[in-house]
K.L.:
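Shown below is the structure under consideration.
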Amino acid sequence: MGIFRDCCLCTAKTVLIVINLVFWIIAGVLIYIAATLLSQYQMSSASVTGAEYIVAPAVLFIFIGVILLFTGALSCCAVTNNNKCLAVTFFILMLCIIILQAVVVIFVYTERDEMTDSIYKGLNETYNRYTESEYTQTVDKLQEFFRCCGVVNYTDWARTPWGKSHPGRVPMSCCVDSSRQICSAYMNKTQLIYTEGCGQRLEDIFIKSSDTSAWVAMGFAIFEVFGLLAAIVIISNYKRKVPYLDLDSDRPFV
């Protein structure tokens, strides 16, 4: 039984170290992806009301990445130092992460429609304030970056204050030709302007990033469960270790 127990303990420690290495690699990848999403958001739609939902998965990636780096270091210390307290802390922290991931995934999927509606409402508000210099730059940057025009489609401009003062036209940022030398930005010249709305582009990004977050969380859960099992084996081994007395001394040994 002692040999079997030692073999299980050695296997559990090895599994935990391997899982931690995987955690560190994945954490680095997550933080990189999150930084890319945040950079894209900052470049294109940072001032659009409601667009902050797009970066929610990116913030989640960074949070999970940092937690994984910390728990990885914690478990390595627990394994190398044979520290029961650290092993228990790792187990509790990992269990909390799994529960948190499940709550976040459920929340995103149950509130997805409401979040999507908020994106469209925010875009409508932003487009209606296009005449203000701050929003002019925001919308132009958004349309040029995503190659879109309007909220649902290019005809939305006709219902905005700017569109009513410029009947039959759309902003020059709707032009397909980046040089705008042949684009007059008229609605009836659909071959020269973007016709798809920016709302769909932002919605697609939000859905894609939230789906990716959900799949990543479920993938992590598999490794995390193995980490929990390994931690249980290690913690159980600490419980089995009891002091014994040397026959020639009253001093206990472990």
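Owing to the predicted nature of the structure, the values given are computational and were not obtained by experimental measurement.
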K.L.:
Around atom OH of Tyr120, are there more than 12 heavy atoms from other residues, nucleotides or ligands closer than 6.0 Å?
P.N.:
yes
K.L.:
Look up atom OH in Tyr194 and atom SG in Cys175, then write down how far apart they are to the nearest 0.5 Å.
P.N.:
8.5 Å
K.L.:
What do you reckon, are the aromatic ring centroids of Tyr127 and Trp157 less than 6.0 Å apart?
P.N.:
yes
K.L.:
Please report the interatomic distance CD1(Ile97) to CG(Leu228), rounded to the nearest 0.5 Å.
P.N.:
9.5 Å
K.L.:
What residues form a salt bridge (charged side-chain N to carboxylate O under 4.0 Å, His left out) with Arg112, not counting sequence neighbours?
P.N.:
Asp211
K.L.:
For Asp117, enumerate each residue passing the side chain to side chain donor-acceptor pair (under 3.5 Å) test, keeping only those at least two apart in sequence or located in another chain.
P.N.:
none
K.L.:
Do you know the tightest heavy-atom contact between Gln143 and Cys174?
P.N.:
NE2-SG, 3.3 Å
K.L.:
Indicate, with yes or no, if Ile207 and Phe146 share a hydrophobic cluster defined by side-chain heavy-atom contacts under 4.5 Å among Ile, Leu, Val, Met, Phe, Trp and Tyr.
P.N.:
yes
K.L.:
Test of understanding: with salt bridge (charged side-chain N to carboxylate O under 4.0 Å, His left out), list the residues that count as partners of Arg201, not counting sequence neighbours.
P.N.:
Glu196
K.L.:
State plainly whether one hydrophobic cluster holds both Val18 and Ile222, where clusters connect Ile, Leu, Val, Met, Phe, Trp and Tyr through side-chain heavy atoms under 4.5 angstrom apart.
P.N.:
no
K.L.:
Check Asn128 against Arg159 and note the closest heavy-atom contact, atom names and distance.
P.N.:
OD1-O, 4.3 Å
K.L.:
Just checking, any donor-acceptor pair under 3.5 angstrom between side chains of Asp140 and Tyr130?
P.N.:
yes
K.L.:
Write down the atom of Leu142, the atom of Cys148, and the distance for their closest heavy-atom approach.
P.N.:
O-SG, 4.1 Å
K.L.:
Identify the two heavy atoms, one from Thr126 and one from Val139, that lie closest to each other, and give their separation to 0.1 Å.
P.N.:
CG2-CG2, 3.7 Å
